[in-house]
Every structure is written in structure tokens, then in C-alpha cells.
Amino acid sequence: MVELLYQNYEFLFQKELLEEIKQVGVYKKIQANSTIIDVDSYITSMPLVLNGAIKILREDNDGDELVLYYLEVGDTCAMTLSCCMGQVKSQIRAVAETDVELLMIPKKKMTEWLSKYLSWQEFVLQSYHSRMEEFIKAVDSIAFLKMDERLYKYLQNKVLVNHSEVIQVTHQQIANDLHTSRVVISRLLKGLEKESKIELHRSHITVLNI
DNA sequence: ACATTAAGTGATT
DNA sequence: AATCACTTAATGT
């Protein structure tokens, strides 16, 4: 655990800060596909990703979902930051995309560090900025791209996040993530397969020529 | 062998 | 792009 922290964050944070993180951070290991943060829950600590990837989704009252972005090693969640500041309920759902190792930093420490450590402040701001950029990309893609382009981007993204060309999902799951129907996904995937961009199998997809 | 779940497809809106 | 209705294929028990 400590090795992972140093491996991923030692160039980002000053020594004293790393020491404090070690003391105060709560280590958690989470299995793929389990929910980390649910809608309407209050957030009391913020996650530092040590290993693996987390999928951040918007979910409406009917349980309809839409993937916003992924968190990877060295990331933290922008929504958590803003939720931590105010006493606001979570507007999003966080699901482990792969097996994930986390350090949970208590809200109190995380605000304290903002004034205490410049490197922490920079990290938080930088991270907020890059989440925002990804968020805007997601909006663009919904507003301006057709479904087939969105799907292809989704697949490429999955490959990056999972570090594998083989994606373990069903058409139905993709449909949920992109907020469309399974039939549509099946058809578009068939199209991509005809263009030799992917290979289809039951319950998994191989992305070619990355 | 049978039930269940995943995927493919034509037709319609 | 969504929905319906139906088929086919893969997998679990």
C-alpha cells in the first residue's frame, strides 16, 4: 500500500504531506463493479486512487444512467471536492470499473491541507480542472456526436482505462452506460465489426487497431 | 434436456 | 435512434 502511494504520488506531494497521508488515509480495496459512492449519500471523505479505475455516472430518479468520466491512478473526484465543501448530497454514483485500491482522506484533513500544503492545493485544483475538461468532453459527445461515434469513443476509452483491448461487457451494459437501448448498441457494434474495428464475442469485445 | 441470458434482425414509428 | 417482436446462439443447472 505504502509503495503504491509513493509510486504514484511522491513526485506530486511534498514529504511532510506524504507522511500525513500515510497516517490519516484509510486504505480500502474495492472489487470491480461494486458501488463506491451512491446517489443521495453524503460524502465525508475523498478518495485518492492508488490502483485501478473508477467510473463516474449520473443517475436520475428512474435509475437511468449516463457515464460522465473515469478516474484513474493519481486522480481524485471533482464531485467529491465540491460535495465535501458544502453539506451536499452526492449527485453522482461511483462504481469500480476494475478492482480498485483507494486511500480515503477525511474531509477535515483535506480542507486543512489546502492551506497547509501548496502541493496539495495544486493537486486539488489541477484535478478539479482536468475532471471539468473530461466532463465537458462528455457533454460535447452527447450534444454533437452521433451514437456510433459516441460508442466508438466509449470503447476506446474503456481500452485505455482497463489497460486491455479485451473489454468484458454485454451490449446491455454498454446501452446502460450510454443511456440508449441494447438493440441500437448491437446494430452499431455489428457495423464496427464490419469495418474491422472490433471483434464481437459473447460477453466481451476485442478492440482492434488502437 | 431445459431454462436463462446474450446477441442478431426485420419491420415500424 | 427507439421500440417491438421474434429468432438464434451460448451458457448454466
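Below, chain A is the first sequence line, B the second, and so on; all start at residue 1. Scope of the values below: all heavy atoms of this structure, side chains included, with no hydrogens, waters or symmetry mates.
- Following rounding to the nearest Å, A:E193 (CD) and B:dA7 (P) show an atom-to-atom distance of 12 Å.
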> Taking it one step at a time, do A:Y154 and A:D177 satisfy side chain to side chain donor-acceptor pair (under 3.5 Å)?
Replying inline: CA-CA 9 Å; A:Y154 170 88; A:D177 283 352; 2.5 Å; yes
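- Residues A:L102 and A:I54 approach most closely at CD2-CD1, 3.8 Å, considering heavy atoms.
- In this structure, A:H171 reaches the B:dG8 phosphate: one of its side-chain N or O atoms is under 4.0 Å from OP1 or OP2.
- No side-chain donor from either of A:T206 and A:E165 sits under 3.5 Å from a side-chain acceptor of the other.
- Between A:E97 and A:K158, at least one side-chain N (NZ, or NE/NH1/NH2) sits under 4.0 Å from a carboxylate O, which counts as a salt bridge.
- Ring geometry, A:F123 versus A:F13: the interplanar angle exceeds 60°, so the pair is classed perpendicular (tilted spans 30 to 60°).
- One atom, CG of A:L200, and another, C1' of C:dT8, lie 15 Å apart when rounded to the nearest Å.
- DNA chain B lies under 4.0 Å from no heavy atom of any residue of residues 135-147 of chain A.
- Comparing A:K190 and A:R202, the nucleotide of DNA chain B nearest to each residue sits closer to the 5' end for A:R202.
- Atoms CG (A:L189) and C1' (B:dT9) sit 14 Å apart, rounded to a whole Å.
- Rounded to an integer number of Å, the gap from NE2 of A:H201 to P of B:dG8 is 11 Å.
- Using a 4.0 Å cut-off between charged side-chain N and carboxylate O, A:K146 and A:E149 make no salt bridge.
- Near DNA chain C, meaning a heavy atom under 4.0 Å from it, residues 179-188 of chain A has A:T180, A:S181, A:V183, A:V184, A:R187 in order of number.
- Atom CG of A:N176 and atom P of B:dA7 are 12 Å apart (whole Å).
- The only option from A:Q7, A:E101, A:E72 that meets the side-chain hydrogen bond (donor to acceptor under 3.5 Å, both in side chains) definition with A:N51 turns out to be A:E101.
- Taking a cutoff of 4.0 Å between a charged side-chain nitrogen and a carboxylate oxygen, A:E134 and A:K137 do not qualify as a salt bridge.
- Rounded to whole Å, atom P of C:dA10 lies 16 Å from atom CD1 of A:I205.
- With hydrogens and angles left out, the side-chain atoms of A:E20 and A:Y117 include a donor and acceptor closer than 3.5 Å.
- Residue A:Q168 contributes atom CD, which lies 15 Å from atom C1' of B:dT5 at whole-angstrom precision.
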